[in-house]
Amino acid sequence: MSALPGTDRSTAVPSPEPVGETIVDWYAGAARDLPWRAPGTDPWAVLVSEVMLQQTPVARVEPVWREWVRRWPTPASLAAESPAEVIRAWGKLGYPRRALRLREAAIAVTERHDGRVPADVAELEALPGVGTYTARAVSCFGHGRRQPVVDTNVRRVVARLVHGRAEAAPARATDLTDIAALAPDDDARAVRFSVAVMELGALVCVAGAPRCPACPVRDRCAWRLAGSPAHEGPPRRVQKFAGTDRQVRGRLLDVLRGADGPVPADALAPVWDDPVQRARCLDSLLVDGLVEQTADGRFTLPG
DNA sequence: GACGCGTGGTT
DNA sequence: TAACCAAGCGT
């Protein structure tokens with residue numbers, strides 16, 4: 001870290017390397033050792049990790065991901081599994097519809113792509129549960145393709161580093177061009193850059209109290225250079241959870257996950273007092289395909 | 001574009 | 001301790 005280009009010419013104006021290169025260099029020494037980043041991790045395993053990581057913290061994903069790639073090492077193996085087993089194996093990662101969609105994506109890959117996870121972003125986006133972020137992440141991290149990858153971490157880094165704002169704006173189409181403009185020219189380094197910016201946002205340029213002293217590009221950050229101004233505009237509404245249908249659905253599904261077979265409606269009553277809300281949530285789980293009703297009226301995970 | 005969708009750790 | 005936060009997606 002001693003001799004940056006230009007620093008050996010005492011009279012020259014400093015010309016620091018581009019911020020993208022600096023962030024890639026920082027990543028080499030700061031990256032977490034996450035299992036899905038191991039060299040040789042195949043695109044299917046990367047897809048599984050990316051879907052699990054949608055809104056769920058790394059620490060909770062790690063053990064479940066290991067179990068999934070052990071049990072279902074290929075798309076075809078998951079495609080052949082029952083929804084009930086997949087929902088059970090999802091455990092308490094949250095948003096269990098993701099588990100169903102991942103299974104549906106595995107079926108689509110098996111049927112439409114000869115069992116191989118595509119590298120093309122448009123083909124990836126056509127898979128259930130795969131959106132703008134996940135498609136590019138799989139193309140880039142799973143297949144090594146140069147792709148701009150924008151998640152909430154990247155939006156926050158760009159908001160501060162480039163635009164001088166305290167918080168990320170809602171997702172926009174220009175996010176992709178913003179981050180692509182910072183990527184190194186070399187393709188292999190551009191791939192590293194995509195994961196490196198996410199890591200910077202996850203470890204240093206965090207939402208709560210950013211650790212600017214540890215930031216490799218702190219001296220070129222538009223937000224710091226502007227004096228770290230506070231966020232302007234309405235505060236983001238944090239979604240409620242207590243008392244919502246989401247909480248009730250979670251409790252209902254928790255009972256069914258733990259049950260050996262179909263359970264009668266009476267067995268579900270204790271999880272929530274309000275019978276109207278309880279019935280509504282059970283119905284929505286049926287509609288989502290997360291729950292099935294047997295001929296005799298009991299409830300179970302879908303076989 | 002706003003909203004609904006789980007869960008649990010951190011502050 | 002209630003609020004905040006965590007690699008989004010689909011409608």
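Quick note on labels: first sequence line is chain A, next is B, and so on, each numbered from 1. In this text the structure is predicted, and so the values were computed from the model without any measurement.
- By the 4.5 Å heavy-atom criterion applied to side chains, A/Glu123 and A/Arg112 are not counted as neighbours.
- Within 4.0 Å of A/Ser49, counting heavy atoms only, lies no atom of the nucleic acid at all.
- Residues A/Val154 and A/Leu200 are not in side-chain contact: their nearest non-hydrogen atoms beyond the backbone lie 4.5 Å or more apart.
- Counting to the nearest Å, the P atom of C/dA7 and the CD atom of A/Gln147 are 21 Å from each other.
- As rounded to whole Å, 10 Å separates atom P of C/dG10 from atom CD of A/Glu104.
- Nucleic acid contact for A/Ala207: sugar-phosphate only, since backbone atoms but no base atoms lie under 4.0 Å from a heavy atom of the residue.
- With DNA chain B read from its 5' end, the first of the two nearest nucleotides for A/Gln239 and A/Lys92 is the one closest to A/Gln239.
- Looking at heavy-atom distances under 4.0 Å, A/Trp36 makes contact with a base.
- The nearest whole Å value for the distance from the CZ atom in A/Arg236 to the P atom in B/dA2 is 11 Å.
- Distance A/Arg98 CZ to B/dG6 P: 9 Å, rounded to the nearest Å.
- Side-chain atoms of A/Tyr95 and A/Gln54, non-hydrogen and from C-beta on, never get closer than 4.5 Å to each other.
- Among the heavy atoms of the strands lying under 4.0 Å from A/Arg37 is at least one base atom, whether or not backbone atoms are also near.
- Here A/Pro170 lies out of heavy-atom contact (under 4.0 Å) with every strand.
- Within 4.0 Å of A/Val149, counting heavy atoms only, lies no atom of the nucleic acid at all.
- Going from atom CZ of A/Phe241 over to atom C1' of B/dG9 covers 14 Å, rounded to whole Å.
- Between A/Arg146 and A/Asp185, no side-chain nitrogen of the basic residue sits less than 4.0 Å from a carboxylate oxygen of the acidic one, so the salt-bridge criterion is not met.
- Within the nucleic acid shown, A/Arg280 has no heavy atom closer than 4.0 Å to any nucleic acid atom.
- Distance A/Ile179 CD1 to C/dA7 P: 15 Å, rounded to the nearest Å.
- In this structure, CG of A/Leu127 is placed 10 Å from P of C/dG10, rounded to the nearest angstrom.
- Look at the P atom in both B/dG4 and C/dA7: the space between them is 22 Å, to the nearest Å.
- Side-chain contact between A/Val69 and A/Ser49: absent, with no pair of heavy atoms (C-beta onward) separated by less than 4.5 Å.
- Of the two residues near DNA chain C, A/Ala135 and A/Arg60, the one whose nearest nucleotide lies more 5' is A/Arg60.
- A/Leu253 comes within 4.0 angstrom of nothing in the nucleic acid, heavy atoms only.
- If you check every strand for non-hydrogen atoms under 4.0 Å, A/Arg32 touches a base.
- Distances were taken from every side-chain heavy atom of A/Arg246 (C-beta onward) to each of C/dA6, C/dG8, B/dC5; the shortest belongs to B/dC5.
- Not one side-chain nitrogen or oxygen of A/Arg257 sits closer than 4.0 Å to the OP1 or OP2 atom of B/dG6.
- The closest side-chain heavy-atom distance from A/Leu256 to A/Leu252 is not below 4.5 Å.
- Projected onto DNA chain C by closest heavy-atom contact, A/Arg156 and A/Lys240 fall at different nucleotides, the more 5' of which corresponds to A/Lys240.
- Contact annotation: side chain of A/Thr56 to base of B/dG6, donor-acceptor pair present below 3.5 Å.
- Nearest to the side-chain atoms of A/Arg249 among the listed nucleotides C/dC9, B/dG6, C/dA7 stands B/dG6.
- The nearest heavy atom of DNA chain B to A/Ser284 and to A/Arg172 marks one nucleotide each, and the one closer to the 5' end goes with A/Arg172.
- Between A/Val255 and A/Phe299 there is no side-chain heavy-atom pair separated by less than 4.5 Å.
- Between A/Gln55 and C/dA6 there is no side-chain N or O to OP1 or OP2 distance below 4.0 Å.
- Counting any heavy atom pair closer than 4.0 Å across all strands shown, A/Asp288 reaches no nucleic acid atom.
- As rounded to the nearest Å, C/dT11 and B/dG6 have P atoms that lie 14 Å from one another.
- Contact annotation: A/Thr244 side-chain N/O to B/dC5 OP1/OP2 distance is not under 4.0 Å.
- For the pair A/Met198 CE and C/dG8 C1', the interatomic distance rounds to 11 Å; values are reported in whole Å.
- Nucleic acid contact for A/Leu34: base, since at least one base atom lies under 4.0 Å from a heavy atom of the residue.
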